[in-house]
There are 2 protein chains.
Amino acid sequence: MKIAVVGAYQTKFGELWDRSLADLMKEAIDGCLQDGDLLPRHIQAAYVGNMLSGMVDGQQHLSSLVSQVIGESIPVTRVEAACASGGMALRTAVMAIESGMIESALVLGVEKMTDVDGATITQGLMGAAGSDELQAGLSFPALYALMASQYITDFEISETELAAVAVKNHHHGSLNKYKAHFAFPVTSEQVLASPAVADPLKVLDCSPISDGAAAVFICSKPWLKKHHKRNGVCITGSAHCNDALSLSHRRSLLELPATIQATKAAYVQAGIDPHDVSCAEVHDCFSIAEVLAVEDLGFYQKGMGHRAATQKATWLGSRLPINTSGGLKACGHPVGATGIKQVVEVTQQLRGEANGRQVEGAQVAVTHNVGGTGGTAVVHVLQR
Amino acid sequence: MKIAVVGAYQTKFGELWDRSLADLMKEAIDGCLQDGDLLPRHIQAAYVGNMLSGMVDGQQHLSSLVSQVIGESIPVTRVEAACASGGMALRTAVMAIESGMIESALVLGVEKMTDVDGATITQGLMGAAGSDELQAGLSFPALYALMASQYITDFEISETELAAVAVKNHHHGSLNKYKAHFAFPVTSEQVLASPAVADPLKVLDCSPISDGAAAVFICSKPWLKKHHKRNGVCITGSAHCNDALSLSHRRSLLELPATIQATKAAYVQAGIDPHDVSCAEVHDCFSIAEVLAVEDLGFYQKGMGHRAATQKATWLGSRLPINTSGGLKACGHPVGATGIKQVVEVTQQLRGEANGRQVEGAQVAVTHNVGGTGGTAVVHVLQR
């Protein structure tokens, strides 16, 4: 598979109270087209990932809204998979281009989260969990805290080792000052001293509630040639897998089988193995999630993932930098936008255009987007 | 394009207060597999269309829930396009099979609507309209009433002629007694005497709020051969198009450009013209919607669609029966399920298995599923 990424753009992530859903869509679409030197008429179809617009904005039917914002009557598809909505929109667009039924697509991820109160957004987000988990009074920090506790016990690690993920991602976020929700560094002491959310997770172990959007323009190789576009970055692997919604249906709290399966399929498609990867954006909704991700993606053996950040092996400048955007933790997590923002970030890395946080000589990148506690996982491989 | 439909099943539509979202999913999946003599392991991927589960059931992330219900870790994709969610799920699955990345898919449509109060469901459904329309205090009956008023004025028809659509669809529904929400006939006098909802539309011009699910199993021709399945019914055309969300952005209230565009593309793919069609399931959310649909689908000239039902040309036994299931009006309208139910109905017609309401010698069928007031339209062509 070789699907070219021609345009890529991310809006600022943060509390954007002065921007509507349509405003964010428009900025991301226009920015993406401009980045790729493209026109609206080049968009043959569009895909949009979003989770909560029905609840937060009173607006479903985003396919039609995107068509209205673009100003062209084109076929648009909305895909929803909780926090993996963005990645799933890209995955669906890739399959559509592979079908030969379309040659180009704009893929948009967008979410407004900060215009409603905390209780409403928490209730909305719990729609990504099992109904048994909701009824048990669990929240997402609590669910990931169960995983973190198990990991801490089984592999005898300290909370400081977990905190290293947040410290690294805030460091990266501080280098992404125009786009990141929290573009400032934090120390390990600050993470450990921050208020407890669900033991052992503290506030600074958790990704924030953010607004934002991101878009990429992808196309087939023939389309690229026909339109005389430069062949910069290609998607060479695309896979997703689902697993049971509830943690109680899983065999283990220490791995995400959906990630493992999707990774295997995506790497085979791309013809790569984990050693080939130059950088990755992984789903660090909580610090434990990044630890599990670097293991499930094959970068570290099970039980060794916590060493990645503590030994600075995943910091910028090391062999395999992870979440150079700041990740969900520091760049922010407008859920539908996250999976597309990951692709925007690695596209910039592979182009050599990640000002101030460039991974030198980046050739192969992986993006990893998760819904719920691993009910959905989407993995993409991109190469220059 | 030749995608085979191997299994098809619809649950009873109605007020199913004793059935959960997962219960309905399970019945539809099991029924579909049984119909096609299939096993869960035959499902390589699944697609699910649903609009309102986040609001009604507190449950998003249906991809993972479907995986849990099927009991296999397979890739599942949720697609949402308001009342066209079911049709869009099928459209997306068709493209995935055409991509060659999968060979078989189960496509499910499901909706629970009657467990919440009327105000909540109305608010949820208005998520399919433009925010300007919501702020203006418009509801969907009011929006379609604007179209109906314009049609009545421009083409000088009577409300009795509009009511004929409801009379026909209730007649068909009365022949579909095990599945239809309202399996009883109504007279023209009853429609005209029913309470006004939004002038000129009365209660009996409007489709109901329903619960229900439907599923089809589709596959490539090589998969069919490999698994020794009979080659009954094939999807030969599949297209969708979007248009602006708000009626105020449209050029005319008398046509749905998204339907016209999608129809053109689907007919070209299938190599048919409107005269070839034996029967169709069209999106009759309100009686005016069926009148516009039979015109936009090319069965009647613009301004002549009202004659279809009044002259009994779309009744069972005539040349082109429309909505033999009872349509959205009498079979019911659990929004995410509707687009798939349409395909289940025409599959049974093309197989010659539509007991008591068989269209004799049905060879070519069309399904037509609309989101909002025409912001999305999906058209499929099926052939035996």
Side-chain angles (χ1 to χ4, degrees), chain A residues 20 22 46 51-55 57-68 73-82 84 88 91-92 94-102 123-124 126-131 134 238-246 249 257-258 261-262 371-372 375-376, chain B residues 20 22 46 51-55 57-68 73-82 84 88 91-92 94-102 123-124 126-131 134 238-246 249 257-258 261-262 371-372 375-376:
Chain A
S20 72
M51 179 183 181
L52 296 168
S53 70
M55 177 171 284
D57 307 279
Q59 185 66 73
Q60 304 236 157
H61 207 186
L62 297 194
S63 47
S64 180
L65 183 60
V66 168
S67 179
Q68 186 165 307
S73 280
I74 50 161
V76 187
T77 305
R78 179 204 168 190
V79 177
E80 189 273 333
M88 278 303 298
R91 166 90 182 112
T92 308
V94 162
M95 289 178 100
I97 291 180
E98 285 286 298
S99 78
M101 295 174 90
I102 58 167
Q123 188 193 343
M126 278 311 286
S131 54
L134 179 65
S238 173
H240 95 278
C241 199
N242 289 93
D243 195 0
L245 202 51
S246 306
H249 289 245
Q261 282 191 55
T376 300
Chain B
S20 71
M51 180 182 180
L52 297 168
S53 70
M55 177 171 283
D57 307 278
Q59 185 67 72
Q60 303 237 157
H61 207 185
L62 297 193
S63 46
S64 179
L65 183 59
V66 168
S67 179
Q68 187 165 306
S73 279
I74 50 162
V76 187
T77 305
R78 178 204 170 192
V79 177
E80 188 273 334
M88 278 304 299
R91 166 91 184 112
T92 310
V94 163
M95 289 178 100
I97 291 180
E98 284 287 298
S99 78
M101 295 174 90
I102 59 167
Q123 189 193 342
M126 279 310 287
S131 54
L134 179 66
S238 173
H240 96 278
C241 199
N242 289 93
D243 195 0
L245 202 51
S246 305
H249 288 245
Q261 283 191 55
T376 301

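Lettering of chains follows the sequences in order, A, B, ..., and the numbering in each one begins at 1. Since this is a predicted model, take the numbers as computed values, not measurements.
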Counting only heavy atoms closer than 4.5 Å, note whether B:L65 contacts chain A via side chain, backbone, both or neither.
-> both
Contact class of B:T92 relative to chain A, heavy atoms under 4.5 angstrom = side chain
Rounded to the nearest 0.5 Å, what's the gap from CD on B:E80 to CD on A:E80? Could you check?
-> 9.0 Å
Between B:H240, B:Q261, B:M88, which is the residue that forms a side chain to side chain contact (heavy atoms under 4.5 Å, CB included) with A:P75?
-> B:H240
Counting only heavy atoms closer than 4.5 Å, note whether B:S246 contacts chain A via side chain, backbone, both or neither.
-> both
For chain A, the option from B:S64, B:G100, B:A81 that forms the most heavy-atom pairs under 4.5 Å = B:S64
d(A:Q60 CD, B:L245 CG) to nearest 0.5 Å is 11.5 Å
Contact leader toward chain A among B:V76, B:D57, B:L62, where contacts are heavy-atom pairs under 4.5 Å = B:V76
Kindly write out the residues that satisfy salt bridge (Lys or Arg N to Asp or Glu O under 4.0 Å) with A:R91, not counting sequence neighbours, or none if the list is empty.
-> none
Give the member of A:S73, A:A22, A:A82, A:S131 that has the highest number of heavy-atom pairs under 4.5 Å with chain B.
-> A:S73
Closest heavy-atom pair, A:G372 versus B:H61, reported as atoms and distance to 0.1 Å, is N-CE1, 3.6 Å
Under a 4.5 Å heavy-atom cut-off, does chain A meet the side chain of B:A129, its backbone, both or neither?
-> backbone
From A:R78 CZ over to B:M51 CE, what is the distance, rounded to the nearest 0.5 angstrom?
-> 9.0 Å
Are any non-hydrogen side-chain atoms of B:V66 and A:N242 less than 4.5 angstrom apart?
-> no
If you tally heavy-atom pairs under 4.5 Å between each of B:M55, B:Q59, B:M126 and chain A, the highest tally belongs to B:Q59
Got a second to check how far A:M95's CE is from B:S99's OG, nearest 0.5 Å?
-> 4.0 Å
When the 4.5 angstrom heavy-atom criterion is applied to A:A258 and chain B, the contacting part is neither
With a 4.5 Å cut-off on heavy-atom pairs, point out which of B:P257, B:C241, B:A84 contacts chain A the most.
-> B:C241
